[in-house]
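These notes concern the structure reproduced below.
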Amino acid sequence: MNLSEKDQLYHWHPYTQHKTTGLLPAIVKGEGALLWDETGKEYIDAIASWWVNPFGHCNRVIADAIYEQLTTLEHVLFGGFTNKPAVLLSEQLLQILPSNQKKIFFSDNGSTAVEVALKAALQYFYNKGEKRTKIIAFENAFHGDTFGAMASSGISFFTEAFQGSLIDVIRIPVPTLGNETRSKEALQNAIQSDACAAFIFEPLVQGAAGMVMYAPEILDDLLSICKENNVFTIADEVMTGFGKTGKTFACDYLVQQPDMMCLSKALTGGTIPMAITTFTQEIFNGFYDDDTNKALFHGHTFTANPTGCAAALASLKLLQSDEMQANIERIHQRHVRFQSKIKNHSKVKTTRILGVIFALEIQTENQESYYGTLRNKLYNFFIENGIIMRPVGNIIYILPPYVMTDNQLEKVYQVVENALEIV
Ligand SMILES: *Cc1c(COP(=O)(O)O)cnc(C)c1O
C-alpha cells in the first residue's frame, strides 16, 4: 500500500465526507510555493496551505531558527515560568500591533485564540458583577470550530448540529458595499436591546465565507458604536494578519483600535501551531485583583512553546524584510493586472482584491452551496492541473505564499481562466 491508501485506512480528515471522497494525495516534500506528492506530481500551493505559509515551504531561515531553539530549549511550561523567545516575540509584536494592545496571551490555534478572547470578554463583566452574556458577530463569519468560536461563526452547516449548546450570539449583516446602513443599525439595535459583552469580526476580509470584503470606514463606524457603549471589540486577524491585506494587520487600515486581537495561521510562517490573543491594559486590569478567582483560568499545555516563539520571531523578521514587502506589492500588482484581464469575462460575476488576496465569483444560475457540485468540479479541476485551491461555492480565491514566482502565479491565473471554460 502507498501512503494515500494507508491514509484512507487510518485517517478521518477535516471537513470531509469520506463516503464521497477518494484517495488523497500524499505530500512528501515542499519548497517555496511548490509541493510534491508521493508519485512525484508537482503542485503549486496557491492558498499557502490554508493561509499559514507566506514565506514558502521549508523556509531555511525559519527552519534554522527552529533547529537552534530545539537544541537550546525545546519547551518549558509557561505556568509559573517564562522563556526568552516568548519575551522577545511579545516585545516585538507589541511594537507593531495597534498601540493600545498591551498584553499577550499564548495558545495553540485560531479557535483557541478566539475562545480566549470571548472568555476574557465575558469574564471581564462577570468580575465586575455586571451581567453581560451576549456576543455580537457577523453573518457568515468564521472564527473556528471549538464551541465559543463555533457559536460566533455564522456559516450555518458548520454549526447546525450544535444549536442549543452554544453561547448566545446576535448576528448582524456584513457591511459590504450597499449594506453599511443595515449593518450599523443592526449593531445599534443589538447593543440597545441586549447586554452585549463583545463584538467579534474578521477585519475587512471574511476568509472562509469566500474572501468577502468590506471597507475600513464602515468598520471604523461599527467600532465607534461599540466604544460608545462599552462593548469590547475583538479583531479576529487569524487569517488577515501578517501582511495578507497589504499591511501587517488589517486593523492597520483603521482609525479605531480593537480591544482584543486574535492571531495565528501565519504567525509561525506555517511551521509550528501557535496562536496569540492580545489585550488592552483595561481588559487585563479587569482580572488584576487580590482575589485569585478573578484571574483568567484558561491555559493550554503548550502555551508559549519556545520553539513556536522562535519560529514566529524568524517569521516576523522575514515579513519585515524589504524583499518580502516587495513580494507582497509584486503579487498585489499582478492580481490587479489579472483582474483587469478577467473581469469582463462572461462567466465572471465579480472580482475583488486586497493585498495578496484575489477572489473571483463565477456567474451561476443557482445559489451554489459551500461544498456543492460546482465547488467540487472546480476543486478537482485545479488538483488535476497541479494547483492547490479550495473554492467556496462559486467563489475561487488565490492567497499565494509571498514567495510565489511570477511564472507560478501566471500558471495559477491561466488555470483559473481555463476553469471558467468548464463551468
Ligand atoms: C482559520 C481561522 C480560525 C480558526 O483557526 P484554527 O487554527 O483553524 O482553529 C479562526 N478565525 C479565522 C478568521 C480563521 O480564518
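Order of appearance sets the numbers: ligands from 1, and atoms from 1 within every ligand. Numbers here simply count residues along the sequence, with the first being 1.
Every atom of ligand 1 with a heavy atom of S111 under 4.0 Å away is listed here by number and element: 4 (C), 5 (O), 6 (P), 9 (O). Near W51, with a cut-off below 4.0 Å to any heavy atom, the atoms of ligand 1 are 15 (O). With ligand atoms numbered from 1 in the order given, ligand 1 contributes 10 (C), 11 (N), 12 (C), 13 (C) to contacts under 4.0 Å with heavy atoms of D236. For ligand 1, the atoms lying closer than 4.0 Å to a non-hydrogen atom of E202 are 13 (C). Each of the following atoms of ligand 1 lies closer than 4.0 Å to a heavy atom of N109: 7 (O), 9 (O). When each atom of ligand 1 is checked for a heavy atom of G144 under 4.0 Å away, the hits are 4 (C), 10 (C).
For K102 and E282, the salt-bridge test fails: no basic side-chain N is under 4.0 Å from an acidic carboxylate O.
Between the side chains of E74 and T307, no donor N or O sits under 3.5 Å from an acceptor N or O.
In this structure, K247 forms a cation-pi arrangement with Y253, its terminal cationic atom sitting closer than 6.0 Å to the ring centre and no more than 45° off the ring axis. No cation-pi contact links K103 to F279, judged by a cut-off of 6.0 Å to the six-membered ring centre and 45° from its axis.
Scanning for salt bridge (charged side-chain N to carboxylate O under 4.0 Å, His left out) contacts around E417 gives K341, with sequence neighbours left out.
For the pair N385 (side chain) and V415 (backbone), a donor-acceptor distance under 3.5 Å is absent.
Under 4.0 angstrom from ligand 1, the non-hydrogen atoms of H143 all belong to its backbone. Residue F142 touches ligand 1 through backbone and side chain together, judged by heavy-atom distances below 4.0 Å.
Annotation: side chain of P258 is in contact with side chain of C251 (closest heavy-atom distance under 4.5 Å).
Distance from atom 14 (C) of ligand 1 to its nearest protein heavy atom, with residue and atom name: K265 NZ, 3.0 Å.
Annotation: G110 places an N or O atom under 3.5 Å from an N or O atom of ligand 1; distance criterion only.
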